[in-house]
There are 2 protein chains.
Amino acid sequence: MKLSTKGRYGMKAMLDLAIHSNEGIVSLKSIADRQGISENYLEQLFAALKKSGIVKSTRGAQGGYELGAKPKEISVGAILRALEGSLAPVDCVMENDASKCSRQENCVTRLIWEKIRDGINDVVDSITLDQLIEDYDKMSSKSDFIYYI
Amino acid sequence: MKLSTKGRYGMKAMLDLAIHSNEGIVSLKSIADRQGISENYLEQLFAALKKSGIVKSTRGAQGGYELGAKPKEISVGAILRALEGSLAPVDCVMENDASKCSRQENCVTRLIWEKIRDGINDVVDSITLDQLIEDYDKMSSKSDFIYYI
DNA sequence: TAAATACCAAGTAAATTACTTGGAATTGAT
DNA sequence: ATCAATTCCAAGTAATTTACTTGGTATTTA
């Protein structure tokens, strides 16, 4: 039940992008340098994020990425699902998928998986990027030290 | 963010054990046969369950397993944690662990992981085996078909 | 025209998962 | 006393997944 590096790095990168987006378009190289993530690997993550409309890109020199919507409209859930796929704990309760097993109506353990799925979705969909930016600003103003993302 | 077969099979097996425990001690072979899981693999799962006190064993012929506590006292969370380890989505927010990173105090993404962890724990710790047995009994009485676990 | 960037497809080493194999130890039934 | 049924235990292994890397092409600005 662990997130992969896709979710972890992607979340860090998205927060980094959000925090630096007042400076205009942000290159992957700058995110990679600040966050200590491989730039080539970030490319793959941002391809997925772009496909979901969470970021938009500008090609060419001085190009880079920016948020695809307002921070308030981008949830942690959307980011994680773009990167990790459905957050359902087992395939048989994936939201949209057809891989539902034949036992679906009469399965007791299925009830458990649905509750876990809903619990996770409720949490991640209730947190938006702007809340995290706020958290970051608070930490920045309080601490003398560097404020990690 | 998927459960492994340990969690999935183990949960099924535990429910099977709970439902059949009125018939006395239950052998792994019988669980394996009913649930279509490899008996040898179940052994590994039950070793972990036993270590956590969730089941207790009787060796020798006519031996097997029984619940280590009343169904009401065994939560889905305890079962899943025995089999999968901590349900925290990333290592840095594992409940008991020392692998906390140096940034712990000033990390914004950490706040996300903690909320997800707490959301999952709240759900799984609130479901107990006796509730699932009740669900199973309800399904059994309503449906003409077989009532899967 | 050159540098900086996004975009793309494939390859790969390491780790993890999902088991299997081959036993030894224990116990109840005959 | 023996045998069959069981738990218990340690290793081995094939397949899959993860976490990248490599080696480009396309696009845009300076």
For [N], does either OP1 or OP2 sit under 4.0 Å from a side-chain N or O belonging to [X]?
| X | N | answer |
| --- | --- | --- |
| B/Thr58 | D/dT7 | no |
| A/Ser4 | D/dT18 | no |
| A/Thr5 | D/dT18 | no |
| B/Ser27 | D/dA5 | no |

Worksheet entry | Option passing side chain to side chain contact (heavy atoms under 4.5 Å, CB included) with B/Val76 (candidates B/Leu15, B/Leu132, B/Val123, B/Asp125) | B/Leu132
Looking for any heavy atom pair under 4.0 Å, which part of the strands does [X] touch: base, sugar-phosphate only, or nothing?
| X | result |
| --- | --- |
| A/Tyr65 | sugar-phosphate |
| A/Lys50 | sugar-phosphate |
| B/Lys51 | nothing |

Worksheet item: What are the two closest non-hydrogen atoms of B/Ala78 and B/Ile54, and how far apart are they?
Response: O-CD1, 3.4 Å
Discussion item. Show the nearest heavy-atom pair for residues B/Met1 and A/Glu84, with the distance to one decimal.
Written reply: N-OE1, 4.1 Å
Minimum-distance nucleotide to [X] side chain [options: [options]]:
| X | options | result |
| --- | --- | --- |
| B/Arg59 | C/dC19, D/dT29, D/dT7 | D/dT7 |
| B/Tyr41 | C/dC19, D/dC20, C/dA6 | C/dC19 |
| A/Ser57 | C/dA6, C/dT20, D/dT7 | C/dA6 |

Can you check the [X] [atom1] to [N] [atom2] distance for me, whole Å?
| X | N | atom1 | atom2 | result |
| --- | --- | --- | --- | --- |
| A/Leu42 | D/dT21 | CG | C1' | 14 Å |
| B/Leu3 | C/dT16 | CG | P | 17 Å |
| B/Ile37 | C/dT20 | CD1 | P | 12 Å |
| B/Glu39 | D/dT6 | CD | P | 8 Å |
| B/Glu43 | C/dG22 | CD | P | 14 Å |
| B/Lys56 | C/dT26 | NZ | C1' | 18 Å |
| A/Leu28 | C/dA6 | CG | P | 4 Å |
| B/Lys2 | D/dT18 | NZ | C1' | 15 Å |

Practice prompt. Fit a plane to each ring of A/Tyr41 and A/Tyr9, take the angle between them on a 0 to 90° scale, and name the class: parallel (under 30°), tilted (30 to 60°) or perpendicular (over 60°).
Written response: perpendicular
Fill in: Residue met sooner reading DNA chain C from 5', once A/Ala61 and A/Phe46 are mapped to nucleotides
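Its nucleotide being nearer the 5' end, the pick is A/Ala61.
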Worksheet entry | Base of C/dT20 paired with side chain of B/Gln44 (donor-acceptor, under 3.5 Å) |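 Indeed there is one.
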Worksheet entry | Pairwise distance CD(B/Gln35) to CG(B/Leu17) - rounded to 0.5 angstrom | 11.0 Å
Worksheet item: Starting at the 5' end of DNA chain D and moving along, which residue's nearest nucleotide shows up first, A/Asn40 or A/Lys6?
Response: A/Lys6
Discussion item. Between A/Lys12 and A/Asp16, does any NZ, NE, NH1 or NH2 come within less than 4.0 Å of an OD or OE carboxylate oxygen?
Written reply: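 No, no charged N to carboxylate O under 4.0 Å.
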